[in-house]
Amino acid sequence: MRFSELLITTLREDPADAEVPSHRLLARAGFVFKTASGIYTYSPLMWRCLKKISQIVREEIDRGGGQEMMMPILQPKELWKSSGRWDRYVTDGIMFALQDRRATDLCLGPTHEEVVTAFADAMISSYKQLPVNLYQIQDKFRDEIRPRFGIMRGREFIMMDAYSFDEAQEGLDISYEKMAAAYRRIFARCGLEFSAVQADAGAIGGSGSEEFMVLADTGEDAIITCAGCGYAANVEKAESAIELVDAGEPLEAEEHATPDVRTVEQLVEFFDMPASRMAKTVLYQAVHAESEEFVAVLMRGDLDINEVKLCNAVDCLAVKMADEEQVKALTSAELGFAGPNGLPEKVKLFADRSLEKQSNLLTGCNKSGFHKLNVNLGRDCPDPEFHDLRMAKAGEACPDCSAALTETRGIEVGHIFKLGTKYSKAMEATFMGRDGKPTPFTMGCYGIGVSRTAAAAVEQNHDARGIIWPAPIAPFEVVVAIVDVKREAQVSLAGEIYESLLEAGIDACLDDRKMSPGSKFKDLELLGFPLQVTVGRKADDRVVEFIQRKAGDKEEVAAEDALPRCLSFLRP
Ligand code: ATP
Ligand code: MG
């Protein structure tokens, strides 16, 4: 491809709303154009990257036994009613719901479990047709609360979504492992540094859920890892071991006047007592499908509540911290004095495991200006339900090997998930089992954010001058740049090298744009092609410059050496 025939427009200014490098660089290099909030147009160069990522995804999922297909984006409400997800998705506001001219409700697919389960139910009648793994690469639609970081979190984005159907759990375990292996090959082939981490499996439960994270400081997800044994988990799910506090034999509870002493820090000072001797009481509103309730959570003073774990423990759809008015109504006290004793009976009490055996706690007592010392759970308040509700932190001990945990950040580019029979049971999607009985499919679902992967690649690979595309997903592998297009010697030598690269199967392009050498080099650094062959003043002597974008190395080489140099870099 000759640049003179390609639409390339780079901008001088960063977009005003760009918070992260990938957004800034992709916009400035003209790869993406914001059509509306969270909705982007991909330029011809960007589309080349996305097609390369899609092709890698396709090849590796195919190798793992997947079958590519295409499902409709427009989906009827009835399907989502049959799985029981319509109301929640509409209330959450994540789904783009619409009506046709007959006022029939439809939605733009945020995901395709319903459509694919109905398809499998219609197409698969016997266990003899199993296992099956179906996938597509398609635009998904989600009305994200906060679309941001450009194409990283869009409202329309490209996803590979796959769904496996098996006879039973053993089959699912195999299908899942195959997909995990395919994902590893995919992200490795894309040239990305990534990590597979344990993820929260939510209300569906089970052990089978992992996220694939591209490691980057600006990532939205926090990951807890152990260098000792390789344990890695999303902080939403991560566990850790901590030292428990021994506060001795239970003592008699004492009420203390603590005017204006509300926070853990203030209590530490007032009582001259470590935060680990305290239990803070936090009130939450738990949202269920058809109802809402208040729950109280007891957490050791020096530790933090993990709301994802809390949501799982309460077995609800979402939790929201109670607001000031709600706290006052429930505790009959000012903010800062909530305690486990004397709450309304309907408020269920949960506590973190760190408090399970701890005696003589300092807590609030639902009385403005007072706290209670030597509170013993079960004796001075109802018995709470104990769960791991704690946010694991760097420095705490690994749950598996006790080495110190560390925290890093990542961008979730893929997710694999053992669904089991959640959808097949709800939608009565069955096949004839070996025993001749209708049996619900055992399913897995798997997603890769294709467009997000491109953004994550830039987030991980850039410098002050621009993007540094990993070669396997770069819009072109090599750019042959003509310094002065008015010089015949440069034009013809560049053309010769360009042709030789194409003939060798290299995805090369020719920058034959008429512009000053300085702006051209700046532009090419911003665009981020992995290799550049510059044909300039020394074209008469058949000498060119070979540049590796990442290392920044520039070297004069004979024109004849340009091809072997490119080959040894790209196809070692
Ligand atoms: P997140 O927690 O980032 O919102 P998710 O858990 O909603 O992700 P899934 O439903 O598992 O994501 O979707 C599969 C993949 O699709 C994700 O791993 C991610 O790479 C990608 N993805 C999800 N939402 C978006 C989005 N709004 N924009 C771009 N890619 C997305
Ligand atoms: Mg999401």
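Whatever order the structure lists them in is the order used to number ligands and atoms, beginning at 1. From a predicted model like this one, the values you see are computed outputs, not experimental measurements.
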>> Side chain, backbone, both or neither: which applies to Glu220 and ligand 1 if a contact is any heavy-atom pair less than 4.0 Å apart?
In response: neither

>> Tell me the closest heavy-atom pair linking Gln460 and Val214, and the distance in Å.
In response: NE2-CG1, 3.4 Å

>> To check you understand the geometry: which heavy-atom pair defines the closest contact between Ala471 and Glu477, and what is its length?
In response: O-CG, 4.1 Å

> What atoms of ligand 1 come closer than 4.0 angstrom to any heavy atom of Glu144?
Replying inline: 24 (N), 26 (C), 27 (N)

> How far apart are the closest heavy atoms of Lys393 and Leu405, and which atoms are they?
Replying inline: O-CB, 4.2 Å

>> Regarding ligand 1, does Gly154 bring an N or O atom to under 3.5 Å of one of the ligand's N or O atoms?
In response: yes

>> Measuring from non-hydrogen atoms of Met152 to any atom of ligand 1, is the shortest distance under 4.0 Å?
In response: yes

> Distance under 6.0 Å and angle within 45° of the ring axis: does Arg48 meet both against Phe476?
Replying inline: yes

> Considering only heavy atoms of Val413, which atoms of ligand 1 have at least one such atom less than 4.0 Å away?
Replying inline: 18 (O), 20 (O)

> Relative to each other, are the rings of Tyr176 and Tyr446 parallel, tilted or perpendicular (30° and 60° limits)?
Replying inline: tilted

> Does the side chain of Asn133 reach to within under 4.5 Å of the side chain of Met179, using non-hydrogen atoms?
Replying inline: yes

>> Quick check on Ser451 - does any of its heavy atoms sit under 4.0 Å from an atom of ligand 1?
In response: no

> Nearest heavy atom to atom 4 (O) of ligand 1: which of His415, Glu156, Arg153, Met160 does it belong to?
Replying inline: Arg153

>> For atom 14 (C) of ligand 1, tell me which residue out of Arg148, Arg155, Met159 has the closest non-hydrogen atom.
In response: Met159

> Hey, does Gly447 come in under 3.5 Å of ligand 1, counting only N/O atoms on both sides?
Replying inline: no

> Between Phe431 and Tyr127, is the ring centre distance below 6.0 Å?
Replying inline: no

>> Please classify the Ile151 to ligand 1 contact at 4.0 Å (heavy-atom distances, strictly less than): side chain, backbone, both or neither.
In response: backbone

> Between Gly449 and ligand 1, is there a nitrogen or oxygen pair with a distance under 3.5 Å?
Replying inline: yes

> Among Phe149, Phe417, Phe157, whose heavy atom sits nearest atom 25 (C) of ligand 1?
Replying inline: Phe157

>> How about NZ on Lys140, more than 12 heavy atoms from neighbouring residues, nucleotides or ligands closer than 6.0 Å, or not?
In response: yes

> Taking heavy atoms and a distance under 4.0 Å, where does Arg452 meet ligand 1: side chain, backbone, both or neither?
Replying inline: side chain

> Hey, are the side chains of Ile151 and Met46 touching, using non-hydrogen atoms and a 4.5 Å cut-off?
Replying inline: yes

